[in-house]
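Here is the structure we will look at.
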Protein chains: 2
Amino acid sequence: MLSKKTKYAFHALTYLGKQQEKTPVLISEVAEKTKVPKKFLESILLDLKKAGILTSKMGKGGGYYLLKDPEDVKLADVIRMFNGPIALLPCVSLNYYEPCDECVSEETCGLNRIMIEVRDETLKIVANKSLKDILLAEK
Amino acid sequence: MLSKKTKYAFHALTYLGKQQEKTPVLISEVAEKTKVPKKFLESILLDLKKAGILTSKMGKGGGYYLLKDPEDVKLADVIRMFNGPIALLPCVSLNYYEPCDECVSEETCGLNRIMIEVRDETLKIVANKSLKDILLAEK
DNA sequence: ATTTATTCTACCGATTTAATAGATTATAGC
DNA sequence: GCTATAATCTATTAAATCGGTAGAATAAAT
């Protein structure tokens with residue numbers, strides 16, 4: 001399951017994505033409207049900024065706003081950033097690969113093969129769908 | 001990601017499934033061969049017994065052995081039992097459904113729709129593949 | 001009765017997740 | 001340059017989950 005942090009990130013992105021003007025929105029406004037604890041949201045927005053998805057302005061009139069085109073914010077990016085691997089086993093993860101310490105060999109591991117299938121089918125969706133798709137569905 | 005407990009369950013099932021005779025196998029043997037901590041394995045095997053997948057005999061000559069046909073032990077059953085929901089959000093889970101407390105409405109939630117897709121694609125695989133498939137792949 | 005092996009009850013430590021508090025730094029406007 | 005504003009940084013805490021352990025109780029075979 002996705003962590004709360006991941007869901008919060010999606011909610012915040014959706015809220016900012018819905019904004020007409022690309023003018024800064026206060027953290028506290030995002031927090032209120034998305035019902036995400038403000039202090040927790042702060043760190044999430046900061047991570048999204050570091051990832052180049054959002055940007056911000058400090059001081060009066062400041063706040064956060066979307067930097068990337070919603071189409072370029074793939075669900076997979078957000079999930080990986082806040083939730084970790086998309087694969088169900090470390091030994092089939094593309095971005096967080098680790099061998100399974102219990103497994104003798106990946107070639108002969110029956111679970112491995114199937115989990116590669118699951119990973120690929122999941123990726124087909126989350127690596128192609130983007131914030132844009134979420135926004136369209138919400139309209 | 002799947003928890004260690006879930007992986008351990010698969011390893012134990014695979015080991016028991018490979019057995020020719022349906023004769024009881026000691027917990028300690030399974031523990032040794034699959035490299036799963038014995039005490040931890042105990043509770044896993046017990047759960048699998050309660051689910052009707054394995055059965056056991058107590059006392060001398062006792063141990064665990066497969067009860068169900070490997071074809072009838074779907075990956076989804078094992079994952080749900082030890083790892084919880086297969087869906088990535090509680091609001092799209094078939095077996096563990098819960099409304100998202102932050103969400104206003106599931107109809108208008110853009111994430112909801114996409115996560116239903118992911119769930120269905122994942123289920124297509126794990127609800128159809130079984131222990132039998134793992135055993136065939138390991139041969 | 002003794003040995004063997006599962007079953008049951010309870011607990012523990014480490015890690016992760018979720019959230020909070022307070023000080024600091026950057027910016028706008030007067 | 002002062003003040004108000006708002007993001008940023010550092011640190012701590014509370015709660016939940018995960019992985020694992022210990023020991024007593026129960027059941028069965030010989």
Side-chain angles (χ1 to χ4, degrees), chain A residues 1-12 16 23-32 34-51 53-67 79 81-85 88-90 96 100-102, chain B residues 1-12 16 23-32 34-67 79 81-85 88-90 96 98 100-102:
Chain A
M1 302 271 278
L2 299 182
S3 65
K4 283 196 177 186
K5 197 168 187 177
T6 310
K7 285 201 273 178
Y8 290 165
F10 278 117
H11 288 139
L16 292 174
T23 166
V25 181
L26 293 185
I27 295 180
S28 45
E29 181 186 332
V30 181
E32 236 176 81
T34 59
K35 286 166 190 155
V36 176
K38 191 192 161 200
K39 276 292 187 179
F40 198 25
L41 181 60
E42 279 184 17
S43 69
I44 293 169
L45 295 177
L46 205 52
D47 285 347
L48 287 167
K49 179 186 176 175
K50 283 174 188 161
I53 294 171
L54 301 178
T55 189
S56 67
K57 275 188 70 178
M58 281 177 115
K60 199 171 187 175
Y64 276 95
Y65 53 100
L66 211 55
L67 182 61
I79 293 175
M81 192 178 329
F82 294 104
N83 215 66
L88 291 176
L89 293 180
Y96 301 80
C100 290
D101 30 349
E102 329 90 58
Chain B
M1 302 272 275
L2 299 182
S3 64
K4 282 198 177 184
K5 197 168 186 177
T6 311
K7 286 201 274 179
Y8 289 166
F10 278 117
H11 287 141
L16 292 175
T23 165
V25 181
L26 293 185
I27 294 180
S28 44
E29 180 185 332
V30 180
E32 236 175 83
T34 59
K35 286 166 191 157
V36 177
K38 191 191 162 198
K39 276 293 188 178
F40 198 26
L41 181 61
E42 278 183 18
S43 70
I44 294 168
L45 294 177
L46 204 52
D47 285 346
L48 288 167
K49 178 186 177 175
K50 283 174 187 160
I53 294 171
L54 301 178
T55 190
S56 67
K57 277 188 72 179
M58 282 179 114
K60 196 170 189 174
Y64 277 94
Y65 54 101
L66 212 56
L67 182 61
I79 293 175
M81 192 177 330
F82 294 104
N83 215 66
L88 290 177
L89 293 179
Y96 300 81
E98 261 185 88
C100 289
D101 31 348
E102 329 90 59

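In what follows, every heavy atom counts, from backbone to side chain, and hydrogens, waters and symmetry copies are set aside. A note on names: the letters A, B, ... follow the listed sequences, proteins ahead of strands, and every chain is numbered from 1.
Scored by the side chain to side chain donor-acceptor pair (under 3.5 Å) test, A:K38 finds no partners at all (sequence neighbours excluded). Listed by chain and number, the residues in a side chain to side chain donor-acceptor pair (under 3.5 Å) with A:S3 are A:T6, A:N83 (sequence neighbours excluded). Not a single side chain to side chain donor-acceptor pair (under 3.5 Å) links B:K60 to another residue, sequence neighbours left out. Judged as a side chain to side chain contact (heavy atoms under 4.5 Å, CB included), and not counting sequence neighbours, the contacts of B:F40 are B:K5, B:Y8, B:P37, B:S43. A:L89 is linked by a side chain to side chain contact (heavy atoms under 4.5 Å, CB included) to A:C91, A:V92, A:L111, A:M115, B:L2, B:K7, counting only residues two or more places apart in sequence or in another chain. Remark: A:M1 pairs with B:P85, B:P90 by the side chain to side chain contact (heavy atoms under 4.5 Å, CB included) rule, at least two apart or across chains. With sequence neighbours left out, A:E29 forms a side chain to side chain donor-acceptor pair (under 3.5 Å) with A:Y15. Scanning for side chain to side chain contact (heavy atoms under 4.5 Å, CB included) contacts around B:L54 gives B:L13, B:L16, B:L45, B:L48, B:Y64, B:L66, with sequence neighbours left out.
Atom CD of B:E29 is separated from atom C1' of C:dT6 by 15 Å (rounded to the nearest Å). Distance B:I44 CD1 to D:dG19 C1': 10 Å, rounded to the nearest Å. Here C:dA18 presents its C1' atom at 16 Å from CG of A:L2, a figure rounded to the nearest Å. Rounding to whole angstrom units, CD1 of residue B:I27 and C1' of D:dA27 are separated by 13 Å. The interatomic distance linking B:Y65 (OH) with C:dT6 (P) rounds to 12 Å, in whole Å. Protein atom CG of B:L16 is 14 Å distant from nucleotide atom C1' of C:dT6, rounded to whole Å. Put simply, CE on A:M1 is 17 Å from C1' on D:dC18, counting in whole angstrom units.
Applying the salt bridge (charged side-chain N to carboxylate O under 4.0 Å, His left out) test to residues at least two apart or on different chains, the pairs with a partner in residues 41-59 of chain B are B:K39-B:E42.
Contacts between residues 47-54 of chain B and DNA chain C, defined by a heavy-atom separation under 4.0 Å, are made by B:K49, B:K50.
Note that CZ of A:F10 and CD1 of A:I79 are 4.5 Å apart. Values are rounded to the nearest 0.5 Å.
Secondary-structure annotation of DNA chain C gives the stems C:1-30 with D:1-30, with a stem taken as at least 3 successive Watson-Crick or G-U pairs whose two distances both fall under 3.5 Å.
Across all their heavy atoms, A:G62 and A:L26 have their closest contact at O-CD2, 3.6 Å.
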Checklist entry - In the 5'-to-3' direction, what one-character label does each nucleotide of nucleotides 19-30 of chain C receive under the scheme B = base within less than 4.0 Å of a protein heavy atom, S = sugar-phosphate only, - = no such atom? => result BBBB--BBBS--
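Within 4.0 Å (heavy atoms only), A:L45 reaches no atom of the nucleic acid at all.
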